[in-house]
Amino acid sequence: MEATFDIKRVQNRLLQMAKTTADILEKHNIPYQIAFGTLLGAVRHGGFIPWDDDFDFLLFDDSYEKATEVLAKELPADLMVEDEKTEPKYFHAWAHVKDLKSECECSLFPQDAEYKNHGLSVDLYKLTKIKEKDFAAYRLDQAMSYIDRRKKLGFITEEDYEKKKEIFLREFKEREAKEQANSSSEKEILAYPFTYGKQELSDVFPLKKYKFEGLEFLGPNNYHPLLVSEYKDYMQLPPEEDRQPHYTSIKFF
């Protein structure tokens, strides 16, 4: 479905939200990094990917709880932390900073409509430090926890649950077989709670500043392997038909 909104207005609001979030985190010396399409936008465009309508931060597990606590206390009244403490139907494995002055519709992720607030979001993904040998098991645990939460909340049927469980177990066995070489690795890595993404500590630290729409945000020390892992030839623009925002409509109050 074709999007019907002013992408520049959306990006300006997201930039305000991200700057407010980053300022609070930096004030409390809480590390974070821009990630995924936001990091790609910084590297390839010096800001937003022209059609992008979200903003992605990665935070670290050892300071994640502190981060959500200080944000909940210090965000302005038009923003909130959306997580299991504020949303009774919460099923994500990470929190959002949610805009209370907008309302979005998203055909790509219709399950998000179950939440009370439908505003623009800044994602606060969590990176967990684990041993490389435990990566496949960690990914399976996160995937199962996700469908467990959705089943408990009544978002998926028992039949769908069993189908997804079968898929996750099959993917785990395939992944485990591919990573046999790392099965005894005691090396520490950083893992996402979704996809098969992982980061080498040496690529992340020390964090450094990236220019983004004239502002500066913290990001990984070595972006290249991270972007290759996510996007392959990341400097190449995708086909025009794939240059689509996530949302289908956005209204501002």
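All residue numbers refer to positions in the sequence shown, counting from 1. Keep in mind that what you see is a predicted model, and the values were worked out from it rather than measured. Any value given below was found using the heavy atoms of this structure, including those in side chains, with hydrogens, waters and symmetry copies removed.
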ring-ring contact (aromatic ring centres under 6.0 Å, His included) evaluation trace for His45 with Phe212: CA-CA 9 Å; His45 303 276; Phe212 192 99; 9.9 Å; no

Kindly indicate, with the supporting measurements, whether the criterion side-chain hydrogen bond (donor to acceptor under 3.5 Å, both in side chains) is fulfilled by His96 and Tyr115. CA-CA 12 Å; His96 306 102; Tyr115 292 162; 5.9 Å; no

Go through it in stages, so that I can follow the logic: the residues are Glu103 and Lys251, the test is salt bridge (Lys or Arg N to Asp or Glu O under 4.0 Å), and I'd like the CA-CA distance, side-chain angles, deciding distance and then a yes or no. CA-CA 5 Å; Glu103 184 167 348; Lys251 298 176 183 177; over 6 Å; no

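The two atoms that bring Ile34 and Pro220 nearest to each other are O-CD, 3.9 Å, heavy atoms only. Residues Val81 and Ala72 share a closest heavy-atom pair of CG2-N, 3.6 Å. Between Phe5 and Ser249, the shortest heavy-atom contact is CD2-CA, 3.9 Å. The nearest pair of heavy atoms linking Tyr90 to Glu82 is OH-O, 3.3 Å. The minimum heavy-atom distance linking Leu25 with Ala67 is given by the pair CD2-CB, 3.8 Å. The two residues Trp51 and Asp242 make their nearest non-hydrogen contact at NE1-O, 4.3 Å.
The NZ atom of Lys66 lies 14.5 Å from the CZ atom of Phe60; values are rounded to the nearest 0.5 Å. Asp141 CG to Asp148 CG: the interatomic distance, rounded to the nearest 0.5 Å, is 9.0 Å. The distance from the CG atom of Asp53 to the CD atom of Gln11 is 8.0 Å, given to the nearest 0.5 Å. In this structure, NZ in Lys151 is found 9.5 Å from OG1 in Thr157, a value given to the nearest 0.5 Å. Atom CG of residue Asp112 and atom SG of residue Cys106 lie 6.0 Å apart, to the nearest 0.5 angstrom. Leu153 contributes atom CG, which lies 8.5 Å from atom NZ of Lys89 (distance to the nearest 0.5 angstrom).
Judged by distance alone, with hydrogens and angles left aside, the side-chain atoms of Ser63 form no donor-acceptor pair with the main-chain N or O of Ile30 at under 3.5 Å. Without hydrogens or angle criteria, Thr38 side chain to Asp56 main chain gives a donor-acceptor distance under 3.5 Å. Side-chain atoms of Arg243 come within 3.5 Å of backbone N or O of Pro238 as a donor-acceptor pair. Proximity of a side-chain donor or acceptor of Glu200 to a complementary backbone N or O of Ser202 within less than 3.5 Å is not detected. Between the side chain of Thr248 and the main chain of Glu105, a donor-acceptor pair closer than 3.5 Å is present. Lys116 places a side-chain N or O within 3.5 Å of a backbone atom of Thr86 that can act as its donor or acceptor partner. Using modelled atom types, no side-chain atom of Tyr231 and backbone atom of Met235 make a donor-acceptor pair closer than 3.5 Å. Judged by distance alone, the side chain of Thr20 and the main-chain N or O of Gln16 form a donor-acceptor pair under 3.5 Å. Asn117 places no side-chain N or O within donor-acceptor distance of the main-chain N or O of Gly119, the cut-off being under 3.5 Å. In this structure a side-chain-to-backbone donor-acceptor pair under 3.5 Å is missing from Tyr210 to Gly47.
Of the N and O atoms on the side chains of Glu74 and His28, at least one donor lies less than 3.5 Å from an acceptor on the other residue. With no hydrogens or angles considered, no side-chain donor-acceptor pair links His118 and Tyr247 at under 3.5 Å.
A salt bridge links Lys198 with Glu132: at least one charged nitrogen is closer than 4.0 Å to a carboxylate oxygen. With salt bridges taken as basic N to acidic carboxylate O contacts below 4.0 Å, none links Lys73 and Glu69. In this structure, Asp23 does not pair ionically with Lys27, as no charged nitrogen and carboxylate oxygen lie closer than 4.0 Å.
The stretch residues 208-218 participates, sequence neighbours left out, in these salt bridge (charged side-chain N to carboxylate O under 4.0 Å, His left out) pairs: Glu26-Lys209, Lys211-Glu216.
In the hydrophobic clustering of ILVMFWY residues, with side-chain heavy atoms under 4.5 Å counting as a link, Leu226 and Phe217 come out apart.
Lys101 meets the side chain to side chain contact (heavy atoms under 4.5 Å, CB included) test with Asp78, Asp99; sequence neighbours excluded. Listed by chain and number, the residues in a ring pair (Phe, Tyr, Trp, His ring centres under 6.0 Å) with Phe155 are Phe91 (sequence neighbours excluded). Legend: residues meeting side chain to side chain contact (heavy atoms under 4.5 Å, CB included) with Thr128, ordered by chain and number and at least two apart, are Asp61, Lys126, Ile130, Tyr138. Remark: Glu166 pairs with no residue by the salt bridge (charged side-chain N to carboxylate O under 4.0 Å, His left out) rule, at least two apart or across chains. By the side chain to side chain donor-acceptor pair (under 3.5 Å) test, His224 pairs with Tyr234, sequence neighbours left out.
Considering Phe55, Phe36, Tyr64 as possible partners of Tyr125, the one that fulfils the ring-ring contact (aromatic ring centres under 6.0 Å, His included) test is Phe36.
At a threshold of 4.5 Å between non-hydrogen side-chain atoms, the residues Leu79 and Met17 count as touching. Contact check for Arg9 versus Ile250: no side-chain heavy atoms found under the 4.5 Å cut-off. Between Phe168 and Ile147, some side-chain heavy-atom pair lies under the 4.5 Å cut-off.
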